[in-house]
Visitor: 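Pasting in a structure now, in structure tokens, and then I'll have a few things to ask.
So that the names make sense, note that chain A is the first sequence line, chain B the second, and so on, each numbered from 1.
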Amino acid sequence: MNDRPLTGRMHPDRTPLSLREYEQAGGYQAVRQAVGRIAPVEVMNLVKESNLRGRGGAGFPTGVKWSFVPRGAQARRPVYLIANADEMEPGAFKDRRLLEGDPHQIIEGVILASYAIEADIAYIFLRGEYTLAARRVRQAVAEAYQAGWLGKNICGSGWGLELHLHTGAGRYMCGEETGLINSLEGRRATPRNKPPFPQLSGLFGRPTVVQNVETLCNLPHLVTHGAAWFKELSRCKDGGTKIYGVSGKVKRPGAWELPMGTPIREILEDRAGGMRDGVHLRAILPGGASTEFVTVDQINMQMDFDTCQAAGTRLGTGMMIVLDDQTCPVGMMLNLERFFAQESCGWCTPCREGLPWIVQSLAAIEAGRGEPADLDILEMHTRLLGPGLTYCALAPGAMEPLHSGLKIFRDDFERHLREGRCPWS
Amino acid sequence: MLNAEEKQLIEQAVRHYEHPRAACLEALKIVQERRGWVSDDDVRDVADALAMSPAEVDSLATFYSLIFRRPVGRHVILVCDSVSCWIMGYERIVQHISERLGVGLGETTPDGEFTLLPVVCLGACDRAPAMMIDGDLHGDLTEEVIDQLLVTYRGKKME
Amino acid sequence: MPVIYIDDQPYEVAAHHNLLHACLGLGFDIPYFCWHPALGSVGACRQCAVKVFRDEHDRRGQIVMSCMTPVRDGLRLTIDDPDVRRFRATIIEWLMVNHPHDCPVCDEGGHCHLQDMTVMTGHNYRRHRFAKRTHRNQDLGPHIHHEMNRCIQCYRCVRFYHDYAGGKDLNVFGAHHHVYFGRHESGALESEFAGNLVEVCPTGVFTDKPARRYYARKWDLQSAPSVCGQCGVGCNVLFNERYGKLVRVDNRYHYEINGYFLCDRGRFGHDFVNGEERIRRPLARESRGASLRETSADDALSRATQAVAGRRVIGIGSPRASLEANFALRELVGADSFYLGLSDAEFKSANLSLALLRELPTASLHEIETADAALVLGEDLLTTAPRMALALRQLARRQPTAESIVACPVPEWNDQAVRELVQQQKGSLFSATPGPTKLDEDAAAVYYGELDEIAGLGLAVAAAVDQPSAETDSLATQIATALRNAKRAVIVSGGNEAVMQAAAAVVRALRRAGRDAALCLTQPEGDTLGLAMLGGRALSEVVRDGAECVIVLENDLFARLPEADATAFLERTKTLIVLDHSITRTTARADVVLPAATIAESTGTFVNYEGRAQRCFSAFAPQPDVRESWRWLDALRSSLFWPTFDDVCRAMAQAVPAFAKAPDAAPSAAFRQIGNKIPRQSPRFSGRTAITAQLNVSEPKPPDDPDSPLAFSMEGSREQPPPALIARYWAPGWNSVQALNKFQQEIGGPLRGGDPGVRLIEPEAKP
Ligand SMILES: Cc1cc2nc3c(=O)[nH]c(=O)nc-3n(C[C@H](O)[C@H](O)[C@H](O)COP(=O)(O)O)c2cc1C
Ligand code: SF4
Ligand code: FES
């Protein structure tokens, strides 16, 4: 059976699958099988059983998330499902692949998730810069409406779904699920406090589920082939495949769908072809910009939620960024923190004021104007911008590379201070 | 003043949401697509169209990075400044474009052809360094590729 | 009541509060910025961190924001732990990164919440060594000064202005550390409640612009509790003086009336106290035709006494003068010759109000806010009683909350969550007015029509309340249904007799149906209702009669009578004696003008729309030739009857049964706290010897105050005074207005010792 369900049928030339191609390859089978034939709760149970965990970064079990949505006559309507296609985490480009290469797959995922939670309206929240994906998804949505996969009374079940493509206007915070909801409502993308969780009070105060694109793309296959099959795909206890990516100075940067739990070494060496000639590996951000660095000695680590966590980092998006020995680690951290400072929503004090201070300190060090006390300032921030201390997870995420970087690259920081310049410049 | 087409597109967008305010960003984008940027008058017009106040609209317009509240050139170049592109030589790329155009980041060429802006990760890290011109993505940038692109776009009028 | 453990000590707290609210209420000091008792919690500033423990064995604990943490039984926490102390100090350090440190030239200095919190957290040394970001300021009009660099981004301004008060032209712009609070372009703020930004902003971004003309620190202001006279609501205010000028008007918390907020008319409408038009010396003219000239008080008095002696004198009272002043005039001229200084329409409406309030229960603003449905008949409240409009807006916001919270349990203090849940739903607020008003957008349904049509609608509602019909699509039925469904309903009206009668009919119908309903009738001025209670004749009668000698008390007849009538009447008058504080068309025609003290310089009693008697105290002694009107009027009599305010007030209470309880509105002049008077000046009042240094360096003796338990001094009791005598909010460590927390029984609740004032009207119908 296909071991690359999400990407296996995509065209090598990256043109999108048309509706006909998608259907011929078994697309919308899952909708036909499930909608009106299996009870929504059954679909939810299937997903629970499969151990599908969210691919947006946090790894929350998808079926469990759905179980918080109120059901039945007393539930407030409409219920919303939102596909989070705001991919803006530096280093991540997996959702774009899925959206551009197979737009009907995400639509089918949306339909199935919506059916499972008995949603009435769904949105795909697509980041504004993904213009090609926007064109392709828009067309696919129109096709799906025409073919009856969307709209009223899908598969004669009496249940219908309205799907809108909503394109964003920039800001990383739109990816955070409550920031996304605010943005979709036409507010500033500042996050909301939880509780209440979106499943109870989300978009327009109604029950809402937000799910990452990759998470949703798993659903058609899961429904068609079952939970046992899904678990089989993986090399660890979390089910399914994962799209892993590598960027940086490797021979073949890219993204590949592999069994969940594939070790870093296989991805880096077998897929990305190892480091370019003349450069050596120093460290890796395994799950994107907001994860802790891992070093060369951790290269055999399996890339799954639990192993990463045990190793002190996070699977995150599974999109690795590779640091080589010709690149200044302080410069890299400066770049990362500048991103987070720029994308802070400005709501809570530690993030709004702390991140720019970090940037100023790193910039001073990188420019050779650093002082030893700057390192204390940086260290203090890694402690005081932690989870629970800020309003949302942006700032804690921003501290992950800095926290590990301060330890791993201590010598490099000190060289900057000692020499009064960046040794790589 | 919004023209008939803009009004109609905004009305259409409003229908996608429970509350008209939710179409605000879409409305700003509709305006920007046609005028290049969003002026104070446009803010007022969008506010009127959605029964919002100008301050409410501007609160959004100034929050979101893809809404331009100052005039831009005929072509907008967004250069990815995030980590993978940085590792792969973003600084060299920006410097090259700057030299070619004679403007820095955040500036518009005197002839009004190009505006050069930084943008966060474009999701093209496998083709870093990358940039986007008028919504089209260009990856694996080198000095030569850039020179060529600039020539092509200079000849191109905005569609 | 749940028990929480603070450093292992048990405390009982109210279940519906958040931890910050509860701990502050217990008297603990936890720093905070974004939380506000009236605005709720949003968790933005992260200043209120405390550490909670899983159980009694947990020693590591977890830092949480107390304002976002619900109280629950058995919760264990510490406020004083090195980790949270360090975190809270760092919050200040962050907020100070871009702060201009311009306290010496900042108008907020000395009563700045940010200063207090900085000291409280112990942050002192600056480690940030890079450039600060700066902003440009905006011109926000005549009332509010803008200084964005001082901003600490607590978002309170937008939350008050936009969310609480419904203002549309102030918002937050930009993102990350470039957030900006202001208008989308320079220009005067449009909200009627913009002035509250001055108190809501915890630092010096929004400051009182008129007050900037008289640079003064809080501790150098001489202050007294008073009542706003700009409309009949009777909001409590603090008048603050320095060097003989009224510097600033602040909100004075009254749980039942204005709570934390004033309208701009109240805050900025008292400029006449310092005005160019003030009359500071007695004036008299030799003969008709001669011009008015300044004269001595003795001369003016002897002229006035001669004019009064042995003649028929009539007195015209005033709804903007105190009860005592009006009473003194009535005593001087006799009840038969006392005319209420009201226009015809005002006279009728005031008397009808009184009759209706004696029949039906009324509601305080707090009761309006917490009612479940309201109907406004005929009044544009934003012009006639702005603070009441703000209360009705809270009703409209609160009511759907109560419903939504059932569907998705969220604590009411969780402001953002509540707003998300409620979205655009509106509560049962209905409004029928002659034209659009700013309250319309908060109303579930509005009706525009002529006043008689509005009265008609009111009667139709009353009928529909009496007889619920199947027909549901008419507006009257819709309103009637909502009112019947409400646990508590208020009907607001005023001004026009027919409309007021219709409003009363609705209240009666609801009460017949066993519902709890109240009638709120607006009054145009600070003492309109008090004047009606005192009783007197209609002004129109005197126009017909004419008189030899007329005494006009703090009133401009041209504002009450048709132009021709006023002119004709004054021409027929032989001697016109006018008491007023500023020049009017009436003073211009007077033969003798006696300079009256303004409300900020006098002690007196005012009766608000509910029939609540409230005492105002002079913030500063008037200039030598300026006196309170009742003093002038007493002096016009054969001998002095009332040496002090308490004498006139007591005499009034004896003479007029309706005012029997008026002396209880506040403690009498004999009141002492541990043997001391209550100082009007703060113990740190500075520069007293310097005030007249060009003349003499010895300190001038402060004026005595025989009229009140307050002293024009910084000497006196250091205790917290009884609520009617609170002259400033201050507590150790709390120099800003937030010190108010320490004066309340429960934060956001009534003042310790009960809110001041007494209701004088006992309606026949019990609430
Ligand atoms: C600052 C921030 C940015 C985020 N950006 C994204 C994003 O771009 N795409 C995404 O799917 N999830 C993003 N997330 C995670 C979402 O909040 C949310 O957990 C996710 O969409 C849930 O989907 P999943 O359960 O399918 O993973 C972000 C979280 C944070 C804190
Ligand atoms: S951590 Fe705070 S300021 Fe940063 S993005 Fe989250 S809410 Fe906004
Ligand atoms: S007061 Fe609690 S976070 Fe601001």
Visitor: Between A:Asp376 and chain C, with a heavy-atom cut-off of 4.5 Å, which part of the residue counts as in contact: side chain, backbone, both or neither?
Guide: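 For A:Asp376, there is no contact with chain C at all, as no heavy atom is under 4.5 Å.
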Visitor: Taking atom types as modelled, is there a side-chain donor on A:Trp357 or C:His177 under 3.5 Å from an acceptor on the other?
Guide: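 The criterion, which ignores hydrogens and geometry beyond distance, is not satisfied for C:His177 and A:Trp357.
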Visitor: What part of C:Gln153 lies closer than 4.5 angstrom to a heavy atom of chain A: side chain, backbone, both or neither?
Guide: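 Both the backbone and the side chain of C:Gln153 come within 4.5 Å of chain A.
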Visitor: I'd like to verify something: which residue of C:Gln62, C:Arg129, C:Arg133 has the highest number of heavy-atom pairs under 4.5 Å with chain A?
Guide: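 The option with the most such pairs is C:Arg129.
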Visitor: Below 4.5 Å from any heavy atom of chain C, which atoms of A:Ile377 appear? Answer side chain, backbone, both or neither.
Guide: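 Contact with chain C involves the side chain of A:Ile377 alone.
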Visitor: Could you check whether A:Arg187 pairs with C:Glu420 (Lys NZ or Arg NE/NH1/NH2 to Asp/Glu carboxylate O, under 4.0 Å)?
Guide: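 Counted as a salt bridge, because a side-chain N and a carboxylate O are separated by less than 4.0 Å.
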Visitor: Check whether the ring centres of A:Trp347 and C:His176 lie less than 6.0 Å apart, and answer yes or no.
Guide: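 Ring centroids of A:Trp347 and C:His176 are no less than 6.0 Å from each other.
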Visitor: Tell me which of these, C:Trp94, C:Phe87, C:Phe33, has more heavy-atom pairs under 4.5 Å with chain A than the rest.
Guide: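 Most pairs with chain A among the choices: C:Trp94.
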Visitor: Side chains of A:Asn193 and C:Gln416: any donor to acceptor distance under 3.5 Å?
Guide: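 Checked: C:Gln416/A:Asn193 side chains show no N/O donor-acceptor pair below 3.5 Å.
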Visitor: With respect to chain A, which residue among C:Cys34, C:Gly174, C:Cys154 yields the maximal number of heavy-atom pairs within a distance under 4.5 Å?
Guide: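 Max contact count across the listed options: C:Gly174.
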Visitor: Select one option (side chain, backbone, both, neither) describing which atoms of C:Val64 are under 4.5 Å from chain A's heavy atoms.
Guide: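 Looking at C:Val64, nothing touches chain A.
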Visitor: With a 4.5 angstrom heavy-atom cut-off, is it the side chain or the backbone of A:Glu185 that approaches chain C, or both, or neither?
Guide: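 Side chain of A:Glu185 only, per the 4.5 Å heavy-atom cut-off to chain C.
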Visitor: Please state whether the side chain, the backbone, both or neither of A:Arg192 comes within less than 4.5 Å of a heavy atom of chain C.
Guide: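 Looking at A:Arg192, backbone and side chain both touch chain C.
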Visitor: Applying side chain to side chain contact (heavy atoms under 4.5 Å, CB included), run through A:Arg76 and C:Leu421 and close with a yes or a no.
Guide: CA-CA 11 Å; A:Arg76 278 168 312 133; C:Leu421 198 56; 3.7 Å; yes
